[in-house]
Amino acid sequence: MIKVAAYCRVSTDSGDQANSFESQQRYFKEYIERNPEWELTEIYADKGLSGTSTEKRAAFRKMINDAELGFFSLILTKEVSRFARNTVDTLHYARYLKSRNIGIYFITDNIRTLDPDAEFRLTIMASIAQEESRKTSERVKWGQRRQMEQGVVFGRSMLGYDAAGGKLYINRQGAEIVRLIFHKFAEERKGTYTIARELSEAGYKTVTGNTVWTNTVILKALRNEKYCGDLVQKKTYTPDFLTHQKKYNKGQEDFVVIKNHHEPIISRELWQKAQEELDRRSPNREFKNKHSNRYPLSGKIFCGQCGNHFVSRARTRRDGSRYKAWRCYEAARHGAEKTDTLGNRIGCGVSSQISDEDLMSAVKECVKRLQFDKEKAVNNLCGIIENVLSADELTSANEIEKQIESCKLKIDRLLDLYASADLTKDEYKEKRSVYDGEIKKLRESVKAAECSYISYEREQLIKSVKAKIKAMVYGDETDDTFYKNILDKIIVHSRESIEIFLLGAF
């Protein structure tokens, strides 16, 4: 008696009765019952319209695992396109199962993978199925773009708007919060962290019903063009129809932009004012993305006269090269110190700009002149890193031990199958020897790692790291991350007078 399994991909469309699980289950049961030499073990079914990848198909993966344990020797599926529309996946699993003497029978295509010419025919059919999937993807993308150009909204509800039937409708409660955010930012000049804190304290709810607001949510709202009535779509795109993974559109595809598409929540004037304020707070467009995380001096330079932060701007040298320069915000805004028409003191006497390279050189020289036991500091840092690497080795060994335990569990399951007469003695011995062999290889890999390779690699890595740390601590080499973590602040009194404060822990 041949033990047979069946695999189907079930449509999520409730109206698609032909592909429902019940109908396919009935189909396979009747089909198998017509062959007296077959015995049905299980029907595996995955829900979803797309079959371009096996990664997200839980039933498919379970079927492969059960195949490894010898639960069946034949898999039935209606056609290649229902098994997988990815040619690589189809051939991979067909070959893998064939190596274990497990066949797949594609009923409609009349392909049996254990036949001599099966792979040739399967390659052709799988390629056709994949090409059909690609064409379907292109048709869907083309149709969606035409709808976008006609003003149909592809997206979910958001703060201030409810999305329904391809249109946006103002949500009164959310719209009030949107207006409040723009007013606080553009009119009251409050920061995004402050606005988030005030909304949280006032008990306002986000679109998900959460009462905790973050500055990221505020920034996204401030940059969302929908609030002034415009619609921009295709901000993300799918480069590969097989993986379905979305990526941010950075010019790879044309955006779909429609001005005055829907009823705005705020005026275009207020929207524009908010964008100008965002640009003002990040005046250097070239460096503004995550600049506070990337640059060691960001937020740490202060004016010795007026106390304002120094802000950065990108400058161009005569030879065309670009560099970063810092200047007091008050001086950048109003120039040299003076009195305005109302008698107020504006501007700042510290009006000259200082290049990023000059400031970094000053910090480097400060570190170089520090008087402390530098060799001890280097050894302490290297000791910490060596402990981390040792922990990584232990983690690797633990992972191998987990794999060994997994093999032991499979052996226990084999024993249960043998005890219940689902496996013959010879089948049990054969499969048991495979798992014993895997366990032996895993244990050998642990010993090999402990004896030579990892220890050697760690030793070489420690030497390299120690040389790098030594160069930084002695001031012979600059490193942005290192300087960012030891620098407390810089106070600029003039180009010739600069105070540098390092963190006490250093």
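Along the sequence shown, the residues carry numbers beginning at 1.
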Next item on the list: For the pair Arg495 (side chain) and Gln353 (backbone), establish whether a donor and an acceptor sit closer than 3.5 Å, ignoring hydrogens and angles.
Entry: yes
Next item on the list: Output all residues satisfying ring pair (Phe, Tyr, Trp, His ring centres under 6.0 Å) with His261, sequence neighbours left out; order by chain, then residue number.
Entry: none
Notebook entry, point to check: Looking only at heavy atoms, what is the nearest atom pair of Thr206 and Val212, with distance?
Noted result: CG2-O, 4.0 Å
Next item on the list: Compare every heavy atom of Ala196 with every heavy atom of Asn215, then report the nearest pair and how far apart it is.
Entry: N-CB, 3.9 Å
Next item on the list: Could I get the full list of salt bridge (charged side-chain N to carboxylate O under 4.0 Å, His left out) partners for Arg189, not counting sequence neighbours?
Entry: Glu277
Margin query: I'd like to know whether Glu357 forms a salt bridge (charged side-chain N to carboxylate O under 4.0 Å, His left out) with Arg322, so could you lay out the CA-CA distance, the side-chain angles of the two residues, the decisive distance to 0.1 Å, and finally the verdict.
Written below: CA-CA 12 Å; Glu357 291 94 330; Arg322 303 277 284 174; over 6 Å; no
Note to self: Is there a side-chain contact between Leu270 and Tyr227 in this structure, where contact means two heavy atoms from C-beta onward sitting under 4.5 Å apart?
What the structure shows: no
Notebook entry, point to check: Does NZ in Lys338 sit with more than 12 non-hydrogen atoms of other residues, nucleotides or ligands closer than 6.0 Å?
Noted result: yes
Next item on the list: List the steps and the verdict of side chain to side chain contact (heavy atoms under 4.5 Å, CB included) for Asp488 and Leu502.
Entry: CA-CA 5 Å; Asp488 182 20; Leu502 301 180; 5.9 Å; no
Next item on the list: Can you measure from CG (Leu359) to NZ (Lys324) and round to the nearest 0.5 angstrom?
Entry: 10.5 Å
Notebook entry, point to check: ring pair (Phe, Tyr, Trp, His ring centres under 6.0 Å) with His309: which residues, sequence neighbours excluded?
Noted result: Phe302
Next item on the list: Using a cut-off of 6.0 Å, state whether more than 12 heavy atoms not belonging to Lys190 lie near its atom NZ.
Entry: yes
Note to self: Determine whether Asn171 and Tyr161 satisfy the following criterion, side chain to side chain contact (heavy atoms under 4.5 Å, CB included), listing intermediate values before the conclusion.
What the structure shows: CA-CA 5 Å; Asn171 178 298; Tyr161 284 110; 6.0 Å; no
Check: Which of these, Thr211, Leu180, Ile181, Asn210, sits in a side chain to side chain contact (heavy atoms under 4.5 Å, CB included) with Tyr204?
Finding: Leu180
Notebook entry, point to check: Can you tell if the side chain of Ile346 reaches within under 4.5 Å of the side chain of Thr339, non-hydrogen atoms only?
Noted result: no
Next item on the list: Would you please say whether a donor-acceptor pair under 3.5 Å links the side chains of Ser355 and Asp358?
Entry: yes
Item checked: Residues Glu149 and Arg145 bridged, charged N to O under 4.0 Å -> yes
Notebook entry, point to check: For the atom pair SG (Cys366) and CG (Leu487), what is the distance rounded to the nearest 0.5 Å?
Noted result: 8.5 Å
Check: Could you walk me through whether Gln305 and His493 pass the side-chain hydrogen bond (donor to acceptor under 3.5 Å, both in side chains) check?
Finding: CA-CA 7 Å; Gln305 179 173 312; His493 300 282; over 6 Å; no
Next item on the list: Evaluate side chain to side chain contact (heavy atoms under 4.5 Å, CB included) for Asn260 paired with Arg268, printing each intermediate quantity in order.
Entry: CA-CA 10 Å; Asn260 302 313; Arg268 191 170 295 276; 3.0 Å; yes
Check: Any chance CZ of Phe154 has more than 12 other-residue heavy atoms, nucleotides or ligands included, within less than 6.0 Å?
Finding: yes
Notebook entry, point to check: Between Ser200 (side chain) and Trp213 (backbone), is there a donor-acceptor pair under 3.5 Å?
Noted result: yes
Note to self: When you measure from the side chain of Arg327 to the backbone of Ser351, do you find a donor-acceptor pair of N or O atoms at a distance under 3.5 Å?
What the structure shows: yes
Check: Does any non-hydrogen side-chain atom of Lys184 lie less than 4.5 Å from one of Glu198?
Finding: yes
Check: Can we say Lys489 and Glu499 salt-bridge, meaning some charged N sits less than 4.0 Å from an Asp/Glu carboxylate O?
Finding: no
Notebook entry, point to check: Tell me, do Leu278 and Arg223 make a side-chain contact under 4.5 Å, heavy atoms counted?
Noted result: yes
Notebook entry, point to check: Which atoms form the tightest heavy-atom contact between Ile170 and Ala175, and what is the distance?
Noted result: CG2-CB, 3.8 Å
Check: In terms of heavy-atom contacts, does CZ of Arg156 have more than 12 from other residues, nucleotides or ligands at under 6.0 Å?
Finding: no
Check: Hey, what do you get for CD1 (Ile301) to SG (Cys328), rounding to the nearest 0.5 Å?
Finding: 11.0 Å
Notebook entry, point to check: How long is the gap from CD1 on Ile43 to CE on Met63, to the nearest 0.5 Å?
Noted result: 12.5 Å
Next item on the list: Looking only at non-hydrogen atoms, find the nearest pair between Cys8 and Gln24 and report the distance.
Entry: CB-OE1, 2.7 Å
Next item on the list: Decide if atom CD of Gln173 counts as having more than 12 heavy atoms of other residues, nucleotides or ligands within a radius under 6.0 Å.
Entry: no
Next item on the list: For the pair Arg313 (side chain) and Trp326 (backbone), establish whether a donor and an acceptor sit closer than 3.5 Å, ignoring hydrogens and angles.
Entry: no
Next item on the list: Would you mind reporting whether Ile64 and Tyr96 have side-chain heavy atoms less than 4.5 Å apart?
Entry: yes
Checklist line | NZ/NE/NH1/NH2 to OD/OE distance under 4.0 Å, Asp230 and Lys259 | finding: yes
Item checked: 4.5 Å side-chain heavy-atom contact, Ile354 and Ile498 -> yes
Next item on the list: Check whether any side-chain N or O of Gln233 sits under 3.5 Å from a backbone N or O of Val152 as a donor-acceptor pair, and report yes or no.
Entry: yes
Checklist line | Presence of salt bridge, Glu269 and Lys273, under 4.0 angstrom | finding: no
Check: Do Leu91 and Leu122 come close enough that some side-chain heavy atom pair is under 4.5 Å?
Finding: yes
Margin query: I'd like to check Cys348 versus Glu337 (side-chain heavy atoms, cut-off strictly below 4.5 Å). Are they in contact?
Written below: no
Notebook entry, point to check: So, do His262 and Tyr169 have ring centers that fall under 6.0 Å from each other?
Noted result: no
Check: For the atom pair NE2 (His183) and CD1 (Ile195), what is the distance rounded to the nearest 0.5 Å?
Finding: 10.0 Å
Checklist line | Side-chain ion pair, Glu330 and Arg333, N-O less than 4.0 Å | finding: no
Checklist line | Spacing of CH2 belonging to Trp271 relative to CG belonging to Leu222, to within rounding of 0.5 Å | finding: 8.5 Å
Checklist line | Chi angles and distances behind the side chain to side chain contact (heavy atoms under 4.5 Å, CB included) call for Ile490, Val363 | finding: CA-CA 9 Å; Ile490 298 175; Val363 176; 4.0 Å; yes
Item checked: Nearest heavy atoms of Lys205 and Ile177, plus distance in Å -> O-CD1, 3.6 Å
Next item on the list: Taking all non-hydrogen atoms of both residues into account, name the closest pair between Leu168 and Ala163 and its distance.
Entry: CD2-CB, 4.1 Å
Check: Centres of the Tyr329 and Phe310 rings: under 6.0 Å?
Finding: no
